[in-house]
Protein chains: 2
Amino acid sequence: MDAPFHNKVYIEIVKKIRYMIEQDGLKKGDKIPSERELSERLHVGRSSVREALRALELLGLIETRRGEGTFLRDAKTNRLVELLSSFILQDEKAIKDVKETKFLIEMDCLRLIIHKKTDEKLKNLMKLVQEDLIQDEEFFLNIVKLADNHLFYRIWLILSDFYRSLNMDQGPFEKRNYEALIEALLTSDEKNVLEAYKKLRKLSI
Amino acid sequence: MDAPFHNKVYIEIVKKIRYMIEQDGLKKGDKIPSERELSERLHVGRSSVREALRALELLGLIETRRGEGTFLRDAKTNRLVELLSSFILQDEKAIKDVKETKFLIEMDCLRLIIHKKTDEKLKNLMKLVQEDLIQDEEFFLNIVKLADNHLFYRIWLILSDFYRSLNMDQGPFEKRNYEALIEALLTSDEKNVLEAYKKLRKLSI
DNA sequence: TCTCCACCAGTGGTCAGACCACATATATTA
DNA sequence: TAATATATGTGGTCTGACCACTGGTGGAGA
């Protein structure tokens, strides 16, 4: 119906749904119109609407509950990773890239933190470590958040999912390394910070 | 039909397609069975097959050509990053984050290059600069490629697109800054490299 | 014989309608 | 009032029907 010229209908629908979400200011957990309603409002067949929704679902951007409806989802836990990893990550190089990218971004975040006033929050994080309340992934989730760069945050989340799905042996959680990293951050000395990080990650470079 | 217990049919189909690809040893570019054939072989409706295929398509794992068929794509050009940009980046048009991220990634790539044997290619790049054949964007495209991390490459491409669309005033292309950056890279000294970069980008930090 | 072109089968793209399974709200009944 | 039955709305799936496009094939014409 809509654009037989170039784009496929379901792609148009994806865009329109995204636009709709933006317009109506929908948040995570909010309900989006039913398939039948979308079908009518957009003047397309329900099957096309479903193709768009299924794609978005596979990406983890929406969640459908039979008998209830379709809801926006917190993109944090997405199946995207599972899928892509099973299709892509056989490649040695790709795995290496994921790891490398994740570590480099973590280092960038550390650098960003140095130039911000985050002592208070760092001390809170320190407490969490000392009280054995968090481990590696959550620790760096906090770090990345402190860096206050939403893009890095999103990218890191995906990479972290990937990384987890690789089931790489990380060795035990050595608390003192994490404590040392925070201490280094509190000194605001880049060199110290990076050294602490490399020790934590057992990197040589 | 298949698993009425919990899983949705289209998810099962995704899995089976993946299995099929593995079994038949299909490579990128190869054709996968037609929608109708899959429908028969898997004993499901064609619409369910399509939902699965559309999802895989949106992920960039397959490519469909009307009148021809459905083909496996080079998984290396996955949509990981495009997804980030179209759904997540759009929400928070944090211009500052885009700029910051782009620059940090460029610096990461520079660091990566230092540890690789790329002198030859750097010298070629130097020639291009000297002969006025390239400007900023293409210059850094080369740099990012040299870093040899596909993930960074994809991310940078998106950021670069976005950055360009922001129409930020970059000032004139000062050739000598780019030449100096390459020279610094040839010295393999991280400090020199980063200083050259910061001068080029007029960064203070 | 060779070349060109119309035709046809196969493929993806889309729509409409019909069920089913499930969840919730509403009306009915004990 | 509380428990139950019904109605309605939702996603899940299948079927069959077209359309638009591609590529090959076979026949007409040179």
Side-chain angles (χ1 to χ4, degrees), chain A residues 1-18 20-21 24 26 28-74 78-79 83, chain B residues 1-17 20-21 24 26 28-73 79:
Chain A
M1 271 288 123
D2 267 36
F5 300 109
H6 297 79
N7 294 327
K8 309 183 181 183
V9 170
Y10 91 97
I11 293 285
E12 291 301 313
I13 295 174
V14 166
K15 287 182 185 168
K16 285 185 179 167
I17 290 176
R18 193 167 64 204
M20 201 177 288
I21 291 170
D24 302 356
L26 298 183
K28 339 247 154 144
D30 287 353
K31 192 176 172 191
I32 69 178
S34 74
E35 296 178 353
R36 289 169 178 85
E37 188 183 336
L38 284 173
S39 168
E40 282 189 19
R41 272 167 67 173
L42 303 178
H43 307 293
V44 295
R46 191 182 154 210
S47 52
S48 293
V49 170
R50 281 187 61 80
E51 289 184 11
L53 291 179
R54 258 7 87 209
L56 292 179
E57 186 181 48
L58 198 60
L59 296 185
L61 296 171
I62 60 171
E63 177 185 359
T64 55
R65 296 201 281 271
R66 176 194 232 140
E68 294 183 69
T70 304
F71 305 83
L72 278 192
R73 186 170 164 175
D74 183 355
N78 40 32
R79 221 186 325 251
L83 270 176
Chain B
M1 275 292 125
D2 269 39
F5 300 110
H6 294 80
N7 293 330
K8 309 182 180 183
V9 170
Y10 90 96
I11 294 286
E12 292 301 314
I13 295 174
V14 166
K15 288 181 185 169
K16 286 187 179 169
I17 290 175
M20 202 176 289
I21 291 170
D24 301 356
L26 298 182
K28 58 183 172 179
D30 287 353
K31 191 175 172 192
I32 69 178
S34 74
E35 296 177 354
R36 289 171 178 84
E37 189 184 336
L38 284 172
S39 168
E40 281 189 20
R41 274 168 65 172
L42 303 178
H43 307 292
V44 295
R46 190 180 155 213
S47 54
S48 293
V49 171
R50 281 188 61 80
E51 289 182 11
L53 291 179
R54 262 2 90 215
L56 291 179
E57 186 181 48
L58 196 63
L59 288 181
L61 297 172
I62 60 173
E63 178 186 358
T64 54
R65 296 201 283 269
R66 175 193 230 137
E68 293 183 68
T70 305
F71 304 83
L72 278 190
R73 260 182 79 157
R79 293 261 169 110

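Because only heavy atoms are used, hydrogens play no part in the values below, and waters and symmetry mates are left out as well, while side chains stay in. Here is how names work: the chains are called A, B, and so on, in the same order as the sequence lines, proteins then strands, and each is numbered from 1.
- Remark: P of dG11(D) and CG of Leu56(A) are 14 Å apart, rounded to the nearest angstrom.
- In this structure, CD of Glu51(B) is placed 16 Å from P of dG12(C), rounded to the nearest angstrom.
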N/O contacts under 3.5 Å, protein versus nucleotides 8-11 of chain C?
from    : atom 1 : to       : atom 2 : distance (Å)
dG10(C) : N2     : Gly67(B) : O      : 3.1
dT11(C) : O2     : Gly67(B) : N      : 3.4

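- Spacing between atom CD of Glu63(A) and atom P of dG11(D) amounts to 13 Å, rounded to whole angstrom units.
- Between the CD atom of Glu57(B) and the P atom of dT14(C) there is a distance of 10 Å, given to the nearest Å.
- Using a 4.0 Å heavy-atom cutoff across all strands shown, Thr64(A) reaches sugar-phosphate atoms only and no base atom.
- Among residues two or more places apart in sequence or in another chain, the side chain to side chain contact (heavy atoms under 4.5 Å, CB included) test is passed with Glu40(A) by none.
- In this view, Lys15(B) and Asn7(B), Ile11(B), Glu12(B), Arg18(B) satisfy the side chain to side chain contact (heavy atoms under 4.5 Å, CB included) rule, not counting sequence neighbours.
- Here Thr64(B) pairs with Lys8(A), Arg54(B), Glu57(B), Thr70(B) under the side chain to side chain contact (heavy atoms under 4.5 Å, CB included) rule; sequence neighbours left out.
- In this structure, Ser48(A) reaches the sugar-phosphate backbone alone: every heavy-atom distance under 4.0 Å involves primed, P, OP1 or OP2 atoms, never a base.
- Put simply, CD1 on Ile11(A) is 17 Å from P on dG12(C), counting in whole angstrom units.
- If you take CZ on Arg50(B) and OH on Tyr10(A), they are separated by 8.5 Å, rounding to the nearest 0.5 Å.
- Here dT13(D) presents its C1' atom at 14 Å from OH of Tyr10(B), a figure rounded to the nearest Å.
- Remark: Ser39(B) engages Arg46(B), Val49(B) in a side chain to side chain contact (heavy atoms under 4.5 Å, CB included) (not counting sequence neighbours).
- Phosphate contact (OP1/OP2 of dT13(D), side-chain N/O of Arg46(B), threshold under 4.0 Å): absent.
- The interatomic distance linking Leu38(A) (CG) with dG9(D) (P) rounds to 16 Å, in whole Å.
- Under the salt bridge (Lys or Arg N to Asp or Glu O under 4.0 Å) criterion, Arg65(A) pairs with Glu63(A), Glu68(A), sequence neighbours left out.
- Between the CD1 atom of Ile13(B) and the P atom of dC14(D) there is a distance of 7 Å, given to the nearest Å.
- A side chain to side chain contact (heavy atoms under 4.5 Å, CB included) with Leu72(B) holds for exactly one of Ile32(B), Ile17(B), Leu61(B); it is Ile32(B).
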